[in-house]
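Reviewing the structure listed below.
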Amino acid sequence: MPPTDSDGLLSDIAESSDQYQVVPSLDDDSQATEQNALAVEPASDSVEDEPAPSKPPHPALMLLFRVIKFIMLPFCKIFFAPAAQKTFVKTTVMVVTLSWIIVTSIVAYVMFYNQYVPPITHVQPIWFHYKALQGPTAWVNLRSMPLRHEQVYDVSVQLHVPTSDTNFDIGNFMIDLGLNTQNGSVILHSSRPGILRYQSQTQRIMRVFAKALPLLVGLTEESQVITIKLVDNFMELKSRAVDSVSVAISDPRIQIYDAKLMILANFKGLRYYMYFHSILTALAFIFTFASIEFIFATVAWKGFGENMWRKLSSFLLENERPVDPSSLQNDQAASNGSTEEEEEQERLDQGDDAPSVSDESLSVKSD
């Protein structure tokens with residue numbers, strides 16, 4: 001059978017295909033080499049990062065540690081529990097706040113008392129000067145015990161005199177008192193009489209026999225104390241402050257053991273209750289000061305303290321939240337799955353970019 005045109009065409013295609021050779025792709029080889037290198041590198045890193053074996057601790061230390069752990073574990077479980085820590089912090093803050101309020105209230109009342117209530121008594125000794133044919137005189141300086149302004153005082157002179165025949169024979173005598181300023185001007189002048197209490201001769205003899213032994217031993221003496229109030233309800237003013245007091249006795253024959261100038265504060269109003277009813281007044285003032293401080297503390301808590309407490313509580317709860325093992329496993333599995341997906345996607349991307357052998361051969365055949 002003679003050859004046809006189609007047979008000739010097929011023979012020509014076969015001859016042309018025999019002249020071409022299939023060359024393997026270099027990208028596939030390089031990709032495989034890189035994957036092998038990446039697979040080998042973690043192993044080398046793991047070998048390098050492996051720590052050196054450490055020496056085990058001494059058995060005695062391990063035993064001591066176990067004993068301490070066994071003793072302290074129940075307390076630690078209670079103390080370091082989130083609910084216990086929150087309750088402990090709240091209780092501590094409350095106790096510290098209340099203690100601070102009470103202490104500051106007491107200190108505030110003590111300072112207010114010292115500033116508002118003056119000493120009730122001012123006592124100064126009187127040293128008389130005796131001159132011929134002149135009664136004894138004295139000058140008392142009050143600079144060491146200044147009086148409180150806007151306060152009412154009573155001024156008295158106290159005489160300690162012997163019950164002698166001379167004093168009884170004198171009878172009444174006059175005491176003159178003057179309140180002087182720093183420049184020497186007299187603010188107030190007062191004169192009052194004084195006398196010893198009468199005792200008959202028989203009464204005096206019987207008293208001596210009754211107190212014979214104490215008189216011999218020196219436990220008592222034959223004397224009287226005379227107190228004469230010279231000024232009533234004198235108010236100390238800043239414009240006329242008292243700097244000194246002058247005292248004079250009319251009769252020079254009077255016999256005196258010692259004498260005292262007594263200035264007594266006549267409290268009225270709040271000062272009267274603060275001094276004579278000190279406990280009730282102190283409790284009332286401390287309660288008032290504590291209530292005021294508690295109100296301000298509450299306002300401060302509502303203003304910014306509560307917000308700070310919530311932030312601190314949330315921070316502590318986040319740090320102390322227990323870790324769930326199942327959640328860790330799920331997170332690890334999800335991370336592994338995502339890693340595998342990323343690696344697969346990278347492989348696909350690399351496979352799309354690199355031409356395959358079959359595609360090259362088909363393209364050559366089609367040409």
Side-chain angles (χ1 to χ4, degrees), residues 90-126 140-160 177-182 187-188 190 192 225-245 247 258-306 309:
K90 283 185 176 180
T91 305
T92 304
V93 171
M94 184 63 67
V95 170
V96 170
T97 304
L98 292 178
S99 301
W100 175 259
I101 289 174
I102 293 173
V103 171
T104 53
S105 300
I106 294 173
V107 173
Y109 175 73
V110 171
M111 294 176 63
F112 174 70
Y113 184 90
N114 292 331
Q115 291 294 327
Y116 188 71
V117 180
I120 192 171
T121 58
H122 297 272
V123 180
Q124 285 278 50
I126 301 175
V140 182
N141 190 359
L142 297 181
R143 294 179 182 177
S144 60
M145 52 172 200
L147 305 181
R148 186 69 58 85
H149 301 309
E150 304 296 333
Q151 175 60 44
V152 178
Y153 291 96
D154 297 334
V155 183
S156 303
V157 173
Q158 187 180 83
L159 302 176
H160 183 205
L177 183 138
L179 302 179
N180 309 316
T181 60
Q182 188 174 3
I187 300 174
L188 181 65
S190 177
R192 300 279 177 89
V225 176
I226 306 171
T227 302
I228 302 101
K229 183 181 288 186
L230 295 166
V231 179
D232 294 334
N233 297 329
F234 168 74
M235 181 176 289
E236 171 75 2
L237 299 178
K238 190 175 183 180
S239 59
R240 51 172 192 173
V242 178
D243 184 72
S244 61
V245 178
V247 182
D258 57 72
K260 295 179 182 179
L261 176 67
M262 302 179 62
I263 302 177
L264 304 178
N266 188 7
F267 292 145
K268 295 181 180 179
L270 181 59
R271 287 175 177 172
Y272 175 83
Y273 289 101
M274 291 180 68
Y275 186 83
F276 292 100
H277 304 280
S278 57
I279 297 177
L280 294 177
T281 310
L283 292 177
F285 270 93
I286 291 173
F287 178 77
T288 302
F289 292 154
S291 300
I292 294 172
E293 292 185 13
F294 185 77
I295 290 172
F296 279 101
T298 304
V299 172
W301 170 258
K302 293 296 183 182
F304 57 89
E306 189 173 4
W309 175 260

Should [X] and [Y] count as side-chain neighbours, where that means a heavy-atom distance under 4.5 Å?
{"X": "Val247", "Y": "Leu230", "value": "no"}
{"X": "Tyr113", "Y": "Thr281", "value": "no"}
{"X": "Gln151", "Y": "Met235", "value": "no"}
{"X": "Asn233", "Y": "Asp154", "value": "yes"}
{"X": "Val107", "Y": "Phe289", "value": "no"}

Among Val155, Ile228, Leu188, which residue meets the side chain to side chain contact (heavy atoms under 4.5 Å, CB included) test with Leu177? Val155
Sole candidate of Ile102, Val103, Thr104 that passes side chain to side chain contact (heavy atoms under 4.5 Å, CB included) when paired with Ile106: Ile102
Calculate, to the nearest 0.5 Å, the distance between atoms [atom1] and [atom2] belonging to [X] and [Y] respectively.
{"X": "Ile126", "Y": "Met262", "atom1": "CD1", "atom2": "CE", "answer": "10.5 Å"}
{"X": "His160", "Y": "Ile226", "atom1": "NE2", "atom2": "CD1", "answer": "10.0 Å"}
{"X": "Leu280", "Y": "Tyr273", "atom1": "CG", "atom2": "OH", "answer": "11.5 Å"}
{"X": "Ile101", "Y": "Ile292", "atom1": "CD1", "atom2": "CD1", "answer": "11.5 Å"}
{"X": "Trp301", "Y": "Thr97", "atom1": "CH2", "atom2": "OG1", "answer": "9.0 Å"}
{"X": "Phe285", "Y": "Met274", "atom1": "CZ", "atom2": "CE", "answer": "5.0 Å"}

Above 12 or not: heavy atoms from other molecules or residues under 6.0 Å from [atom1] of [X]?
{"X": "Phe296", "atom1": "CZ", "value": "no"}
{"X": "Trp100", "atom1": "CH2", "value": "no"}
{"X": "Phe287", "atom1": "CZ", "value": "no"}
{"X": "Tyr275", "atom1": "OH", "value": "no"}

Grab the two heavy atoms, one from [X] and one from [Y], that are nearest each other, plus how far apart they are.
{"X": "Arg148", "Y": "Gln115", "answer": "NH1-O, 2.7 Å"}
{"X": "Pro119", "Y": "Ala265", "answer": "O-CB, 3.9 Å"}
{"X": "Gln182", "Y": "Asp243", "answer": "N-CB, 3.6 Å"}
{"X": "Ser190", "Y": "Val231", "answer": "CB-CG2, 4.1 Å"}
{"X": "Thr227", "Y": "Ser156", "answer": "CG2-CB, 4.3 Å"}
{"X": "Ala284", "Y": "Thr288", "answer": "O-OG1, 2.8 Å"}

Do any N or O atoms from the side chain of Gln124 and from the backbone of Asn141 form a donor-acceptor pair under 3.5 angstrom? yes
Evaluate the ring planes of Tyr272 and His277, with Trp represented by its six-membered ring, and classify them as parallel (under 30°), tilted (30 to 60°) or perpendicular (over 60°). perpendicular
Show your working on side-chain contact (heavy atoms from CB on, under 4.5 Å) between Ile263 and Val242 and close with a plain yes or no. CA-CA 12 Å; Ile263 302 177; Val242 178; over 6 Å; no
